[in-house]
Amino acid sequence: MKDILHKSEIKEVLDILKKLYPNPKSELNYSNPFELLIATILAAQCTDKRVNMITKDLFKKYKKPEDYLELSEEELGKKIKSCGFYRNKSKNILKTCKILVEKYGGKVPNSREELMKLPGVGRKTANVVISNAFNQDAIAVDTHVFRVSNRIGLANSNDVFDTEKDLMNNIPKKDWSDAHHWLIFHGRRVCKARRPKCEECPLTKYCLYYKNQIK
DNA sequence: AACTCGGGGCA
DNA sequence: TGCCCAGAGTT
């Protein structure tokens with residue numbers, strides 16, 4: 001028996017989140033699959049605003065995978081330094097670009113399986129790319145989406161894959177993209193990993209985590 | 001399952 | 001100063 005809210009409660013929760021975060025558009029709104037891929041790799045453990053600062057400059061000169069092959073790890077590392085973990089990210093991006101050129105003709109593959117073979121691309125990044133750039137059914141589960149959705153009862157699993165399935169079952173498809181951002185915003189501002197601000201949260205009426213806490 | 005990578009924003 | 005951050009790879 002899964003500890004998940006009823007359909008009617010889920011609808012109310014989503015309505016509350018919608019009002020709470022009326023403008024859920026991410027800073028990472030790249031239409032180009034390649035730029036979306038690079039921006040999402042950079043976004044690991046880093047806010048979208050900072051990634052946007054980096055890519056705004058980076059993408060002026062480096063638009064295609066081929067463009068990156070002339071860069072050394074040190075050179076690219078310097079350009080992306082402010083987003084953190086820059087040595088790993090630089091190395092992975094250069095390897096990924098090399099693979100994109102040599103194996104995929106400079107294009108970004110459109111399947112999760114192929115994307116996850118690329119260095120620096122895990123399930124979350126792959127899901128971001130296929131859902132946003134290739135219009136496929138997927139919900140990218142990052143730490144915020146995972147924590148918040150499992151706390152309030154939109155999902156019930158300690159596994160990312162099952163959380164994805166729960167969310168896709170419980171949220172209407174038209175809301176997937178927005179709900180992804182609602183959960184992230186709420187996770188950052190209110191439903192934080194440590195010291196969640198339940199006293200400010202309009203979802204406590206429904207929240208299973210809150211109900212378990214107060215007794 | 002635990003560890004590593006990390007500069008920068010903010011209290 | 002210390003805490004925290006739109007993950008992924010390695011051991």
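Note on naming: letters A, B, ... go to the chains in the order of the sequence lines (proteins, then strands), and numbering restarts at 1 for each one.
Using cut-offs of 30° and 60° on the angle between ring planes, the pair A:Tyr62 and A:Tyr68 is tilted.
Using modelled atom types, no side-chain atom of A:Asn92 and backbone atom of A:Pro119 make a donor-acceptor pair closer than 3.5 Å.
You'll find the side chain of A:Gln213 stays beyond 4.5 Å of the side chain of A:Lys211, heavy atoms only. Residues A:Leu17 and A:Pro202 are not in side-chain contact: their nearest non-hydrogen atoms beyond the backbone lie 4.5 Å or more apart.
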Short N/O separations, protein against nucleotides 9-11 of chain C, under 3.5 angstrom:
unit_1 : atom_1 : unit_2   : atom_2 : d
C:dG9  : OP1    : A:Gly120 : N      : 2.9

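Counting only N and O atoms by type, the side chains of A:Tyr104 and A:Asn110 include no donor and acceptor under 3.5 Å apart. Between the side chains of A:His186 and A:Tyr21, at least one donor N or O sits under 3.5 Å from an acceptor N or O.
The side chain of A:Ala44 has C:dG7 as its nearest neighbour among C:dG7, C:dA6, B:dG6. Relative to the side chain of A:Ser82, the nucleotides C:dG7, C:dA6, B:dG8 differ in distance, and B:dG8 lies closest. Nearest nucleotide to the A:Thr125 side chain, out of C:dA6, B:dG8, C:dG7: C:dG7.
A:Thr40 comes within contact range of no nucleotide atom at all, as no heavy-atom separation falls under 4.0 Å.
Between A:Tyr86 and B:dC5 there is no side-chain N or O to OP1 or OP2 distance below 4.0 Å. Residue A:Arg123 places no side-chain N or O under 4.0 Å from the OP1 or OP2 atom of C:dG7. OP1 or OP2 of C:dC5 has not a single side-chain nitrogen or oxygen of A:Thr143 nearer than 4.0 Å.
One can place CD of A:Glu73 at 11 Å from P of B:dG6, the figure rounded to the nearest angstrom. Summarising the geometry, the separation between CD on A:Gln45 and P on C:dG7 is reported as 5 Å, rounded to the nearest angstrom. Per the geometry, CZ belonging to A:Arg189 stands 18 Å off P belonging to C:dC4, to the nearest Å. Remark: C1' of C:dG7 and CG of A:Leu115 are 15 Å apart, rounded to the nearest angstrom.
In A:Glu199, the CD atom is crowded: over 12 heavy atoms of neighbouring residues, nucleotides or ligands sit closer than 6.0 Å.
Along DNA chain C, the nucleotide nearest A:Arg195 and the nucleotide nearest A:Lys124 are compared for position; the residue whose nucleotide lies closer to the 5' end is A:Arg195.
Pairing each heavy atom of A:Lys89 with each of A:Leu42, the nearest pair is NZ-O, 2.8 Å.
Residues of residues 46-53 of chain A having a heavy atom closer than 4.0 Å to DNA chain B, listed by number: A:Arg50.
For A:Arg188 and A:Phe185, the positive end is not near the middle of the six-membered ring at less than 6.0 Å and at most 45° from its axis.
Taking atom C1' on both B:dG7 and C:dT10, the two are 22 Å apart, rounded to the nearest angstrom. With both ends at atom C1', the span from C:dA6 to B:dA2 equals 23 Å, rounded to whole Å. Of the P atoms belonging to C:dA8 and B:dG8, the separation is 23 Å, rounded to the nearest Å.
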Practice task
Report the C-alpha distance between A:Glu9 and A:Lys205 in whole Å, list the side-chain angles of each, state the deciding distance to 0.1 Å, and finish with yes or no for salt bridge (charged side-chain N to carboxylate O under 4.0 Å, His left out).
Solution key: CA-CA 10 Å; A:Glu9 296 174 315; A:Lys205 177 182 166 189; over 6 Å; no

